[in-house]
Asker: 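Below you'll find the structure I mean.
Residues take their numbers from the sequence shown, with the count starting at 1.
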Amino acid sequence: MLPNKLGEILVKQGMLRPDQLQAALTETQRTKGRLGPTLIAAGILKDNQILRALEKQYALPGVDVSQFEIDQSVTTLVSREFCDKHCVVPLSKAGTTLVVAFSDPSNLQVRDDLRYLSKCKIQPVVATESTIMQAIAKYYSISTDELISKGDAAEAEIQLSTKTSTVEVGGSAADDAPVVKFVNGILLESIRRRASDIHFEIYEKKYRVRFRIDGNLVEAASPPITSGAAISSRIKIMSKMDIAEKRRPQDGRLKIVLNKENREMDFRVSSVPTMWGEKIVMRLLDKSNLQLDMTKLGFEEEDLKLFKDCINLPQGMVLITGPTGSGKTTTIYSALSELNKIDVNISTAEDPIEFNLEGINQVQMNSDIDLTFSNALRAFLRQDPDVIMVGEIRDLETAEIAFKAASTGHMVVSTLHTNDAPTTITRLTEMGVPSYLITSTLNLVVAQRLVGRMCESCKEPVKVPDDILLKLGVAHEELHKFNVHKAKGCNACNNTGIRGRLAIYELMPINEQIKDAILRNASSNELRNICRTIGVRTLRRSALLKLARGQTSIEEVINASVRDDV
């Protein structure tokens with residue numbers, strides 16, 4: 001269905017305003033997506049609302065395709081390419097009649113083509129674009145041959161950028177090898193499926209490729225095990241790594257340019273030798289998806305004001321804490337983006353540099369030439385900085401220089417690996433940073449985690465017993481505020497119920513009470529009690545607010561935080 005055709009139907013039936021349609025169409029042009037899924041993702045309409053509108057318009061039975069189990073024999077009658085192009089999917093076959101779900105049943109030419117291709121009489125039913133595309137993704141699995149075919153077509157789709165030149169992928173005779181096309185196909189497929197990481201793993205009797213999507217690993221392909229070494233070599237060549245060295249871990253980086261979408265995609269590459277060969281993990285760094293708007297990170301309104309006030313101070317330190325993969329990089333880059341003005345000199349020491357930010361002086365650490373965080377910090381202090389970002393405080397030497405910089409007229413932003421805000425103080429004192437230095441320079445500690453965002457396509461309200469909410473830490477008087485939802489899982493979220501992620505935050509301002517406790521070497525528990533008395537919103541409280549709004553699930557709350565009153 002053409003996007004404007006669905007839009008016209010929804011506007012005509014009063015389900016969509018013209019200005020909402022125009023905004024959604026603009027978004028579909030930007031993302032190269034379809035109107036239906038865009039409206040659902042924006043929360044403007046539910047999938048079943050669109051389906052009811054289509055039923056009424058076309059006077060055909062509507063089908064929720066996500067509830068269908070489609071037999072493999074049916075999918076062989078119509079190719080994936082045809083289904084993708086026309087947004088149709090075959091559902092079942094009875095005798096010589098093939099039931100097909102259409103997003104636009106009025107297109108008679110597509111019906112005729114289906115009749116010719118399948119040699120069957122076509123019985124049309126109407127379904128939404130999103131459920132049809134989800135079914136295509138689920139029942140038309142990507143085979144190795146299809147990935148090779150995708151990679152073969154990548155010559156016109158992507159370019160491989162190097163430090164000195166840009167070379168087209170698939171542009172030379174050597175690129176005709178199936179392994180090259182397979183790797184190109186994997187890269188394109190990972191981008192299409194919004195993966196954050198690609199894992200190439202070799203075992204004794206199997207080679208598999210997995211994508212991490214919204215925090216969950218899903219298997220994407222299983223090429224022949226004999227191709228493992230060739231795949232590793234190809235990725236290492238693309239990433240400027242030493243293909244002869246297979247005994248030591250290596251790091252590399254590559255960039256591809258998506259010609260059709262006019263955007264760049266960076267991949268950070270890491271190889272590690274395992275028992276059966278090299279495992280390679282590629283981290284996708286899509287600058288177009290980097291969320292630099294602080295209002296969309298997950299901060300509550302009052303927390304966002306506190307965070308902005310602290311990073312805009314002329315001097316001092318703000319620490320972002322949390323385990324690996326908790327979204328610290330996104331938060332710290334959004335802070336730098338807020339501070340990035342024409343009259344501000346910002347220098348960063350990073351390992352590695354994940355995103356290139358215009359107007360910010362970013363320095364990559366390199367232990368081979370002794371360019372460490374501490375050495376980079378010393379150099380920065382001679383570069384007339386206003387704001388300094390240290391990728392991570394790992395040792396006492398780096399901590400001392402960072403705190404010195406913060407106490408001599410600079411704003412320092414850095415990260416630390418701790419479980420919550422109060423334990424950050426304990427970690428710094430155990431590292432050897434004097435208490436007086438912490439209290440005189442540290443302005444704010446921000447602890448954070450990520451929780452799964454519930455899939456809008458398949459979430460529905462559920463009644464949860466009060467005792468479950470009480471066990472989570474919800475107060476009796478707040479039970480009525482909780483609008484708990486549960487996502488049953490659908491093709492859009494890989495049947496996980498989760499599509500995207502949100503951050504939860506715990507902000508501990510270093511006020512006079514906290515300073516007094518630090519100077520008397522108070523324990524983490526004492527600091528935690530003080531935080532409770534001054535009204536600091538803990539990670540669990542932040543997660544519960546997301547649960548009350550129906551943005552996340554009870555399971556995600558439990559996995560990402562612990563009760564703060566026990």
Asker: Does the pair R537/E506 count as a salt bridge with the N-to-O cut at 4.0 Å?
Answerer: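 Not counted as a salt bridge, because no side-chain N and carboxylate O are separated by less than 4.0 Å.
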Asker: For N345, is there any backbone N or O sitting under 3.5 Å from a side-chain donor or acceptor partner on D386?
Answerer: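 Yes.
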Asker: Distance-only, no hydrogens or angles: does the H199 side chain make a donor-acceptor pair with backbone N or O of V281 under 3.5 Å?
Answerer: no
Asker: Would M282 and F200 count as a side-chain contact (heavy atoms from CB on, under 4.5 Å) if you check the C-alpha gap in whole Å, the side-chain angles of each, and the deciding distance to 0.1 Å?
Answerer: CA-CA 8 Å; M282 304 177 77; F200 296 85; 3.5 Å; yes
Asker: Please test T274 against I202 for side-chain contact (heavy atoms from CB on, under 4.5 Å), starting from the C-alpha separation and ending with a verdict.
Answerer: CA-CA 8 Å; T274 66; I202 189 164; 4.2 Å; yes
Asker: Are any side-chain N or O atoms of N375 and backbone N or O atoms of L371, one a donor and one an acceptor, separated by less than 3.5 Å?
Answerer: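 The answer is no, because no donor-acceptor pair under 3.5 Å joins these two groups.
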Asker: Identify whether the distance between the nearest side-chain nitrogen and carboxylate oxygen of R208 and E201 falls below 4.0 Å.
Answerer: yes
Asker: Looking only at non-hydrogen atoms, find the nearest pair between I186 and A221 and report the distance.
Answerer: CD1-CB, 4.2 Å
Asker: Strictly by modelled atom types, are Q250 and D242 linked by a side-chain donor-acceptor pair under 3.5 Å?
Answerer: no
Asker: Looking only at heavy atoms, which two atoms of R248 and P273 are closest? And how far apart?
Answerer: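 Shortest heavy-atom separation between R248 and P273 comes out as C-CD, 3.9 Å.
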Asker: Measuring from atom CD1 of I401 to atom CD1 of I388, what distance do you get when rounded to the nearest 0.5 angstrom?
Answerer: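 Result: 10.5 Å between the selected atoms.
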Asker: Check the pair V269 / R253 against side-chain contact (heavy atoms from CB on, under 4.5 Å), numbers first and verdict last.
Answerer: CA-CA 5 Å; V269 186; R253 195 169 182 132; 5.9 Å; no
Asker: What's the separation between atom OG in S367 and atom CZ in F373, rounded to the nearest 0.5 Å?
Answerer: 10.5 Å
Asker: Evaluate the side-chain proximity of I504 to L450: yes if any heavy-atom separation is below 4.5 Å, no if none is.
Answerer: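 Heavy-atom side-chain distance check fails, nothing below 4.5 Å.
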Asker: Tell me whether S233 contacts the main-chain N or O of A229 through its side chain, where contact means a donor paired with an acceptor under 3.5 Å.
Answerer: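 Between the backbone of A229 and the side chain of S233 there is a qualifying donor-acceptor contact (under 3.5 Å).
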Asker: Salt bridge or not for K486 and E555, using N-O below 4.0 Å?
Answerer: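 A salt bridge is present here (some side-chain N lies under 4.0 Å from a carboxylate O).
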Asker: Closest approach of A405 and L381, non-hydrogen atoms and distance?
Answerer: CB-CD2, 3.6 Å
Asker: Is it the case that atom CG in N419 sees more than 12 heavy atoms from other parts of the structure closer than 6.0 Å?
Answerer: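 Incorrect, the count does not exceed 12.
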Asker: Between the main-chain N or O of K404 and the side-chain N or O of T408, is there a donor-acceptor pair closer than 3.5 Å?
Answerer: yes
Asker: Check for a donor-acceptor pair, side chain of K279 on one end and backbone N or O of W276 on the other, with a separation under 3.5 Å.
Answerer: no
Asker: Start with the C-alpha distance between R268 and E354, add both sets of side-chain angles, then the distance that settles salt bridge (charged side-chain N to carboxylate O under 4.0 Å, His left out), and finish with yes or no.
Answerer: CA-CA 8 Å; R268 196 175 76 214; E354 295 202 12; 3.0 Å; yes
Asker: Hey, are K305 and E300 close enough for a salt bridge, meaning a charged N less than 4.0 Å from a carboxylate O?
Answerer: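 The answer is no: the pair does not qualify as a salt bridge.
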Asker: Nearest 0.5 Å, what's the CG-CE distance between L254 and M241?
Answerer: 10.0 Å
Asker: side-chain hydrogen bond (donor to acceptor under 3.5 Å, both in side chains) between Y505 and T331: does it pass, once the steps are laid out?
Answerer: CA-CA 10 Å; Y505 292 97; T331 301; 3.0 Å; yes
Asker: Measure the shortest side-chain to side-chain distance between M389 and L336 over non-hydrogen atoms and say whether it is less than 4.5 angstrom.
Answerer: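 Yes; the side chains approach each other to less than 4.5 Å.
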Asker: Given side-chain hydrogen bond (donor to acceptor under 3.5 Å, both in side chains), test Q362 with E350 step by step and report yes or no.
Answerer: CA-CA 7 Å; Q362 296 172 271; E350 303 177 58; 2.9 Å; yes
Asker: Backbone N or O of G391 within a donor-acceptor pair of the T415 side chain at under 3.5 Å?
Answerer: yes
Asker: Would you check if the side chain of Q448 reaches a backbone N or O of S326 as a donor-acceptor pair within less than 3.5 Å?
Answerer: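 Between the backbone of S326 and the side chain of Q448 there is a qualifying donor-acceptor contact (under 3.5 Å).
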Asker: Shortest non-hydrogen contact from G228 to Y207?
Answerer: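 The pair with the smallest heavy-atom distance is CA-CE1, 3.4 Å.
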Asker: If we ignore hydrogens and angles and just use 3.5 Å, is the side chain of N443 paired with the main-chain N or O of V318 as donor and acceptor?
Answerer: no
Asker: Distance alone, cut at 3.5 Å: any donor-acceptor contact between the side chains of D395 and T398?
Answerer: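 Per modelled atom types, D395 and T398 side chains form a pair under 3.5 Å.
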Asker: Could you work out, with side chain to side chain donor-acceptor pair (under 3.5 Å) as the rule, every residue matching R394, not counting sequence neighbours?
Answerer: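 Listed in chain order: E392.
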Asker: Does atom NZ of K515 have more than 12 heavy-atom neighbours, drawn from other residues, nucleotides or ligands, at distances under 6.0 Å?
Answerer: yes
Asker: Show the atom names and distances, to 0.1 Å, of all donor-acceptor pairs under 3.5 Å that link a side chain in residues 420-438 to residues at least two apart or in another chain.
Answerer:
from	atom 1	to	atom 2	distance (Å)
D420	OD1	T423	N	3.1
D420	OD1	T423	OG1	2.7
D420	OD2	R528	NE	3.1
D420	OD2	R528	NH2	3.0
T423	OG1	D420	N	3.3
T423	OG1	D420	O	2.9
T424	OG1	T418	OG1	3.0
T424	OG1	D420	O	3.2
T424	OG1	A421	O	3.2
T426	OG1	S524	OG	2.5
R427	NH1	H417	O	3.1
T429	OG1	I425	O	3.2
T429	OG1	T426	O	2.8
S435	OG	N521	OD1	3.3

Asker: Which heavy-atom pair separates L547 from I554 by the least distance, and what is that distance?
Answerer: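 That would be CD1-N, 3.7 Å.
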Asker: Are the side chain of S239 and the backbone of K236 linked by a donor-acceptor contact shorter than 3.5 Å?
Answerer: no
Asker: Between L284 and D197, is a side-chain contact (heavy atoms from CB on, under 4.5 Å) present by the stated rule, with each step listed?
Answerer: CA-CA 6 Å; L284 280 73; D197 300 85; 5.7 Å; no
Asker: Considering only distance and modelled atom types, tabulate donor-acceptor pairs under 3.5 Å from the side chains of residues 462-481, sequence neighbours left out.
Answerer:
from	atom 1	to	atom 2	distance (Å)
H480	ND1	E477	O	3.1

Asker: Less than 4.5 Å apart, side chain to side chain, heavy atoms only: is that true for R541 and L545?
Answerer: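 Not in contact.
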Asker: Less than 4.0 angstrom from a charged side-chain N to a carboxylate O is my criterion; do E245 and R247 meet it?
Answerer: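 Looking at E245 and R247, the cut-off is met.
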Asker: I need the minimum non-hydrogen distance between P461 and H485, along with the two atoms involved.
Answerer: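 Looking at all heavy atoms of both residues, the shortest contact is N-CD2, 3.4 Å.
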